[in-house]
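Letters A, B, ... are given to chains in the order of the sequence lines, protein chains preceding strands, and every chain is numbered from 1. In what follows, every heavy atom counts, from backbone to side chain, and hydrogens, waters and symmetry copies are set aside.
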Number of protein chains: 2
Amino acid sequence: MTEHDKPTTPFPSFVNAQEVADRAGVSRSAVSRAFTPGASIAHETRVKVMEAAEQLGYEVNDLARGLLARRSQLVGLIVTEPEQGFRAHLVSALTRSLIQRGRLPVVLNTGRRAEEIAAAQKLLVGYRAEATIVLSGSPPSSVVELARRNGQPLILIGRSEAGADHIRSRNRDAATQAAELFHKAGFTRLGLASSTSGTPSVVEREEAFVAAALGYGITVSIARGDNTDYAGGRMAATAMLAQAAPQAVFCINDLIAFGFIDRMRECGIAVPLDISVIGFDDIPEASWAAYDLTTFRQDPEVLAAQAMALLEHRLAHPHAPPETIEITAPLVLRGSVRTA
Amino acid sequence: MTEHDKPTTPFPSFVNAQEVADRAGVSRSAVSRAFTPGASIAHETRVKVMEAAEQLGYEVNDLARGLLARRSQLVGLIVTEPEQGFRAHLVSALTRSLIQRGRLPVVLNTGRRAEEIAAAQKLLVGYRAEATIVLSGSPPSSVVELARRNGQPLILIGRSEAGADHIRSRNRDAATQAAELFHKAGFTRLGLASSTSGTPSVVEREEAFVAAALGYGITVSIARGDNTDYAGGRMAATAMLAQAAPQAVFCINDLIAFGFIDRMRECGIAVPLDISVIGFDDIPEASWAAYDLTTFRQDPEVLAAQAMALLEHRLAHPHAPPETIEITAPLVLRGSVRTA
DNA sequence: CGATGCATTGCACAGCTGTGCAAGGAGACC
DNA sequence: GGTCTCCTTGCACAGCTGTGCAATGCATCG
């Protein structure tokens, strides 16, 4: 047992306003006013306070300030697998935007199960987060009820749910466009690579692609992997090879597209010579030379900016009716689709 | 102007302990005790309180609780470009670990400039974060001073700085091993692909590789791109093609390796037939068939677990001497190095 | 010089909780 | 039945801040 083992105070040396006041020879109120822009305080008093604060290393306790003002500045992000593909970029854009607006993003990296998401949400209620943003693929519908009960603004991204604000890409438009592109290129045997763990966004893309193809008199052969990732793409490719030989395939995800392409190439099937591929998301890897993937762009910065707008609006007008913001995912033409 | 535009209370409907107490017909203390495990309270009283709390949707205000206990449970993560390669996985592992331990990870996604990092750190001091974890490539040395001044535990990852705990991979060992592997394979013309924005970890890998090669009597040709990413790898490849024709190249990063490989292939140079490549990080893309990259594994889960251990230790013993944890990055053999 | 106005300051309260302390009540034991 | 003990409960304070309100002091004007 050395001297290091003795217990110490939890906040070792955080200074409070009273100590600054004592040192500056003023009241504690004066310290508070010195740190409040526009407050009624003499210039020289403020200078005295600031000097004392500087010497002691005082920083206003935002927790206490938030408790009083009833504004914690905390915003929760509930997300599953934040390291995966597009989500990583979305989380990055959201955290950056929130910080720029003076809020603190709390990233609740949680499993996909309903109980885990509910637990994360309760945690955020306990910490009086001012809003919750849910990126998780398919949150349970109970999130809306729990948020409403606590009067906590809730923003869903990529998932609509009655009674909550949400932001979504025009998945159906993009998928329809993919089918149209394939049709115009003269392909008659189309495929769809997806996963069994379908989130609402994924389902929209699937349905719209199949419907649009049907409009051209084409029945789409569908193959699925387990997850919406690289391994899932490989599984889907294997499954599709066993059942059909499409000329062009719409992958509901860039990651799936990469796995799909790699698996095809292993079987000696060249992209785009033997098979054309379109993805979705336009994550940076899509532009890598190894894939050069034609895909639909989801711009994380745009989504984040819209989320901020929605957030500000909701905080200003808590009882305004829920809003839906739709974002167009433009086609990015690259080399994975055979032309002419 | 509709009725929605009227201003409302900032926290719309958060219930406090007093309201629960009133409803349950007990004192506010009883409510507090009902929610404190092991507190002195009659079973039936606790039941009454819990029922009232359930009906009102009460959740303990952890902010106020933290203010009193002087434990905010907030832990700050200062990170630049959290969506990039290995960092995305590290952030994911850290956030998950922190949540599992009941802490709230606040992700401060900030620029790389010293002022931005200092601002983020001050923000965390203001919110009385219990600790700060810095993943940013090369934080200014002032972070240590600022943390010390406020008695805030500081954990650096991938960057050593006197007076702070830190976790690092054995970069030198790995780089030395890379040189050894190339030497044993019989390569005599070696290259190093790096970037000009060298973080301390990167510098270690560079130096050790060059030194080890020199030990075999080999002078390494070095090429650099701007950043440690895919584009940087392409730039390095272009630069290297103009100056030398190495048989084997150590890329200080998987992302750089991918860009390097793609650029080489565009020039008709096959991997591993014409050139062998080793990367660093072993992010999932390294195992993709398109690259099949031999690389050194950094396990984000291991790093996160060590960070948690360091954190707990530091919180328990604020004045213990700074610790360094070194983690071995094992070689993962794949197909990007030519054998025999 | 007296009165009025304004800028500034300090007091006290509010925001929400955990807990030491004393008091109350009930049960047990003689 | 009386007394002692223990369990339970409420009071009050602490933790840290922002701000309305009243008071103070100074300057200005008549």
Visitor: Please report the C-alpha distance between Arg103(B) and Glu312(B) in whole Å, then the side-chain angles of each, then the deciding distance to 0.1 Å, and finally whether the salt bridge (Lys or Arg N to Asp or Glu O under 4.0 Å) criterion is met.
Guide: CA-CA 11 Å; Arg103(B) 306 190 192 276; Glu312(B) 300 295 346; 3.4 Å; yes
Visitor: Shorter than 3.5 Å, N or O on both sides, protein versus nucleotides 9-11 of chain D: list them out with atom names.
Guide:
residue	atom	partner	partner atom	Å
dT9(D)	OP1	Thr45(B)	OG1	2.2
dT9(D)	OP2	Ala42(B)	N	3.1
dG10(D)	OP2	Ser27(B)	N	3.1
dG10(D)	OP2	Ser27(B)	OG	2.8
dG10(D)	N7	Arg33(B)	NH1	3.3
dG10(D)	O6	Arg33(B)	NH2	2.7
dC11(D)	N4	Ser29(B)	OG	3.0

Visitor: Using a cut-off of 4.0 Å on non-hydrogen atoms, how would the nucleic acid contact of Val31(A) be classed: base, sugar-phosphate, or nothing?
Guide: nothing
Visitor: Using whole Å, report how far CG of Leu68(B) lies from C1' of dG15(C).
Guide: 13 Å
Visitor: When you match Ala64(A) and Val60(B) each to their closest nucleotide on DNA chain C, which lands nearer the 5' end?
Guide: Ala64(A)
Visitor: dG15(D) phosphate, OP1 or OP2: any side-chain N/O from Arg70(B) under 4.0 angstrom?
Guide: no
Visitor: What is the distance from CZ of Phe35(B) to P of dT19(C), rounded to the nearest Å?
Guide: 15 Å
Visitor: Does a nitrogen or oxygen in the side chain of Asn16(B) sit under 4.0 Å from OP1 or OP2 of dC16(C)?
Guide: yes
Visitor: For dT17(D), does OP1 or OP2 lie under 4.0 Å from any side-chain N or O of Tyr58(A)?
Guide: yes
Visitor: Measure CG/Leu63(A) against P/dG15(D) and give the value in whole Å, please.
Guide: 16 Å
Visitor: How many whole angstroms separate atom CD of Gln18(A) from atom P of dA12(C)?
Guide: 13 Å
Visitor: Could you run down the sub-3.5 Å N/O contacts of the protein with nucleotides 23-28 of chain D?
Guide:
none

